[in-house]
Trainee: 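Take this structure, written in structure tokens, and hold onto it; I'll ask about it next.
Chain letters run A, B, ... following the sequence lines, proteins first, then strands; residues in each count from 1.
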Amino acid sequence: MATVTAGIIQSSIGRKYLMALSGLFLCTFLIVHMLGNLALFKDDGGQAFNEYTYFMTHNPLIKIIAYVNYAFILLHIFYSLTLTIYNRKARPESYALVNQSKSATWSSRNMGILGSVILIFLIVHMRTFWFEMKFGTMPTIQYDGNDMVLKDMYSVVAEAFSQVWYVALYVVSMFAIAFHLYHGFQSGFQTLGINHHKYTPIIKNIGMILFAVIIPALFAAMPLYFLILNL
Amino acid sequence: MKLTLKVWRQKNAENKGEFKTYQMDHVSEDMSFLEMFDVLNDDLVRKGEDTVAFDHDCREGICGMCSMYINGRPHGPLKGTTTCQLHMRHFKDGETITVEPWRATAFPIIKDLMVDRSAFDRIIQAGGYISINTGNAVDANSTPIPKLDADKAFDAASCIGCGACVATCKNASAMLFVSAKVSQLALLPQGQPERHQRVKKMVEIMDAEGFGNCTNTGACEVECPKGISLENIARMNRDFLVANVVD
Ligand code: HEM
Ligand code: SF4
Ligand code: FES
């Protein structure tokens, strides 16, 4: 087993497997995260959302998945850096004139930049919500029909999303995610060796419709919704 | 037609290179790109100047020796065409054409537009063959091969090893070339005994030669003069995983 993993990790293709596996895992996480957050749109003073937050932070299975998720983000970032460094070394002197507008999509040529925007977003995002939830002093709230006192994440979210700069950062970052996944989702399958005349077009469509449009649009709608509520 | 050529001139791998501009006043539309360079070199000889070094051999689009990066694209603007088969009618009168060598760590410049592509040879030497004596030709029907497999193997085998895939790739990755050479054997019964060993060794040498990591931009497939498909890269990725797990 050790030699199998060593053989894989030391090779260019092996590093790409890890990129692809971590990337695709993050994609499934995005779906769950987005579906859960839809509770924000429920007009009940944040009860549904706060109960969902409580569930997500207390269910042991979810906790394990969350830690796997953090590990995968770090892995993904680590290998994206290694990949970029290797690839710079593979062409130290660049061309005077490059014309790739016809041969490769803009997304595919800018994955590193798009990823870096996502990384900045992730740091801000984790600081405001995850860090506060875990280590900050949160306001609490109790709802009728639920005798538990819950941390009031809803009001933290509402507060954050009342700031224009914060909402702007969110919307820009969702564009970055959209373009990152427009290339990344289908690229992950190709890296893992899944390329099929019947299924690859379906995979590409899922990437385009679900990951490059629906998910980022719904995520972007959340801060915009709060901003408009606050007007 | 009249053309301005901006050509990369570089003495050898160690020296720094630079662009030199040449004015071409009598280019025929029917010339191939290489024939235009023949005319330029003829002029340079007459003037007692150093000629532009470039690779070529068959001039029929089948050997893979020609290799110029023309206006930001390997083998120029035409799809499915090598530099030797590119004709000047595809350029506009008065145009400025920028010509550079393939650029990659694994392809050091020998002189001007000529690069050393022997890294490809070493990848082939690592496993791109079948190590059995074939003996007499056997009856074709004794080893039935599905038509689709035979076609795919043949498509992969049509790679001429020109290196345009590496040249165009933003990561200077050689995955399209290596996957074509892995696939042409992996798809046929004769390639099975050494299938796992082959993919492992060829990938190992590919990495050691300093090619970059594939990020599936797909530029190679578009620029490849032989239309080698990305499907081959997926097949190699699959084989590489299986080979590492099984062997
Ligand atoms: C929500 C977070 C993210 C998701 C869902 C995601 C998803 C993906 C996927 C599916 C791939 C394709 C994998 C492959 O083909 O091998 C990928 C590639 C990549 N990602 Fe991410 N990623 C995320 C965050 C990031 C971050 C934070 C960075 C950078 C710091 C980054 C940088 C890259 C790079 C450089 C590639 C390689 C380009 C390529 O393979 O085409 N990603 N990502
Ligand atoms: S795959 Fe295409 S571009 Fe690459 S070496 Fe072969 S023929 Fe040339
Ligand atoms: S010279 Fe042989 S392919 Fe161009």
Trainee: Excluding sequence neighbours, so at least two apart, what forms salt bridge (Lys or Arg N to Asp or Glu O under 4.0 Å) with Lys200(B)?
Mentor: none
Trainee: Is it the side chain or the backbone of Asn71(B) that comes within 4.5 Å of chain A heavy atoms, both, or neither?
Mentor: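 For Asn71(B), the contact with chain A is made by backbone and side chain together.
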Trainee: Could you check whether atom CZ of Phe179(A) has more than 12 heavy atoms from other residues, nucleotides or ligands sitting under 6.0 Å from it?
Mentor: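 Check fails, neighbour count at 12 or below.
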Trainee: Backbone N or O of Ala96(A) within a donor-acceptor pair of the Glu100(B) side chain at under 3.5 Å?
Mentor: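 Answer holds: yes.
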Trainee: For the atom pair CZ (Arg73(B)) and OG (Ser101(A)), what is the distance rounded to the nearest 0.5 Å?
Mentor: 7.0 Å
Trainee: For the backbone of Gly212(B) and the side chain of Asn87(A), can you confirm whether one donor and one acceptor N or O come within less than 3.5 Å of each other?
Mentor: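 Looks like no, no N/O pair under 3.5 Å.
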Trainee: Compare all side-chain heavy atoms of Ser108(A) with those of Thr215(B) and state whether any distance is below 4.5 angstrom.
Mentor: no
Trainee: Please check if the side chain of Lys16(A) supplies one atom and the backbone of Asn213(B) the other of a donor-acceptor pair under 3.5 Å.
Mentor: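 Checking the backbone N and O of Asn213(B) against the side chain of Lys16(A), no donor-acceptor pair under 3.5 Å is found.
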Trainee: For the interface with chain A, which of Phe240(B), Trp8(B), Phe107(B) has the highest count of heavy-atom pairs at distances below 4.5 Å?
Mentor: Phe240(B)
Trainee: Is there a donor-acceptor contact under 3.5 Å from the side chain of Ser187(A) to the main chain of Asn216(B)?
Mentor: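 It does not hold such a pair.
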Trainee: How close do Arg103(B) and Glu93(A) get, counting heavy atoms only, and between which atoms?
Mentor: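 The pair with the smallest heavy-atom distance is CD-O, 3.3 Å.
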Trainee: For the backbone of Thr217(B) and the side chain of Gln100(A), can you confirm whether one donor and one acceptor N or O come within less than 3.5 Å of each other?
Mentor: no
Trainee: Within a reach of under 6.0 Å around CZ of Phe219(A), are more than 12 heavy atoms found that belong to other residues, nucleotides or ligands?
Mentor: yes
Trainee: Going by salt bridge (Lys or Arg N to Asp or Glu O under 4.0 Å), name the residues that satisfy it together with Asp151(B), two or more places apart in sequence or in a different chain.
Mentor: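 So Asp151(B) forms a salt bridge (Lys or Arg N to Asp or Glu O under 4.0 Å) with Lys147(B).
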Trainee: Between Arg91(A) and Ala167(B), is there a donor-acceptor pair closer than 3.5 Å when you use the side chain of the first and the backbone of the second?
Mentor: yes
Trainee: Decide side chain to side chain donor-acceptor pair (under 3.5 Å) for Asp207(B) and Ser12(A); before the verdict, give the C-alpha distance in whole Å, the side-chain angles of both, and the deciding distance to 0.1 Å.
Mentor: CA-CA 7 Å; Asp207(B) 289 347; Ser12(A) 58; 2.7 Å; yes
Trainee: Can you name the salt bridge (Lys or Arg N to Asp or Glu O under 4.0 Å) partners of Glu209(B), sequence neighbours left out?
Mentor: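 Scan of Glu209(B) (salt bridge (Lys or Arg N to Asp or Glu O under 4.0 Å), adjacent residues dropped) gives Arg122(B).
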Trainee: Within residues 171-186 of chain B, which residues come under 4.5 Å of chain A, heavy atom to heavy atom?
Mentor: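 So far as heavy atoms go, Asn171(B), Ala172(B), Met175(B) are the residues that approach chain A to under 4.5 Å.
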Trainee: Take Lys6(B) and Leu97(A), measure what side chain to side chain contact (heavy atoms under 4.5 Å, CB included) needs, and give me the verdict at the end.
Mentor: CA-CA 11 Å; Lys6(B) 259 181 78 184; Leu97(A) 189 65; over 6 Å; no
Trainee: Using a cut-off of under 4.5 Å on heavy-atom pairs, state which of Ile194(A), Ile13(A), Val98(A), Leu192(A) scores highest against chain B.
Mentor: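 Heavy-atom pairs under 4.5 Å are most numerous for Ile13(A).
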Trainee: So which part of Ser94(A) gets closer than 4.5 Å to some heavy atom of chain B, the side chain, the backbone, both or neither?
Mentor: backbone
Trainee: Looking at Phe161(A), I'd like to know if its CZ atom is crowded, meaning that more than 12 non-hydrogen atoms belonging to other residues, nucleotides or ligands lie closer than 6.0 Å.
Mentor: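 Counting neighbours around CZ of Phe161(A), more than 12 heavy atoms of other residues, nucleotides or ligands fall under 6.0 Å, so yes.
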Trainee: Hey, does Gln190(A) have a side-chain heavy atom less than 4.5 Å from the side chain of Leu230(B)?
Mentor: yes
Trainee: Can you say whether Arg88(A) sits under 4.5 Å from chain B via the side chain, the backbone, both, or neither, judging by heavy atoms?
Mentor: neither
Trainee: Within a reach of under 6.0 Å around OH of Tyr70(A), are more than 12 heavy atoms found that belong to other residues, nucleotides or ligands?
Mentor: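 Enclosed.
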Trainee: Just wondering, more than 12 heavy atoms not from Phe154(B) lying within 6.0 Å of its CZ?
Mentor: no
Trainee: Below 4.5 Å from any heavy atom of chain A, which atoms of Phe211(B) appear? Answer side chain, backbone, both or neither.
Mentor: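 Backbone only.
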Trainee: Pro77(B) versus chain A, heavy atoms under 4.5 Å apart: side chain, backbone, both or neither?
Mentor: neither
Trainee: Mark yes or no for whether Tyr95(A), through its side chain, and Tyr69(B), through its backbone, hold a donor-acceptor pair below 3.5 Å.
Mentor: no
Trainee: In Å, rounded to the nearest 0.5 Å, how long is the span from CG of Asn99(A) to CD1 of Ile70(B)?
Mentor: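 Asn99(A) CG to Ile70(B) CD1: 12.5 Å, rounded to 0.5 Å.
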Trainee: Is atom CZ of Phe41(A) surrounded by more than 12 heavy atoms (other residues, nucleotides or ligands) closer than 6.0 Å?
Mentor: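 Correct, the count exceeds 12.
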Trainee: By a 4.5 Å heavy-atom criterion (distance strictly below it), what part of Cys220(B) contacts chain A: side chain, backbone, both, or neither?
Mentor: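 Cys220(B) has no heavy atom closer than 4.5 Å to chain A.
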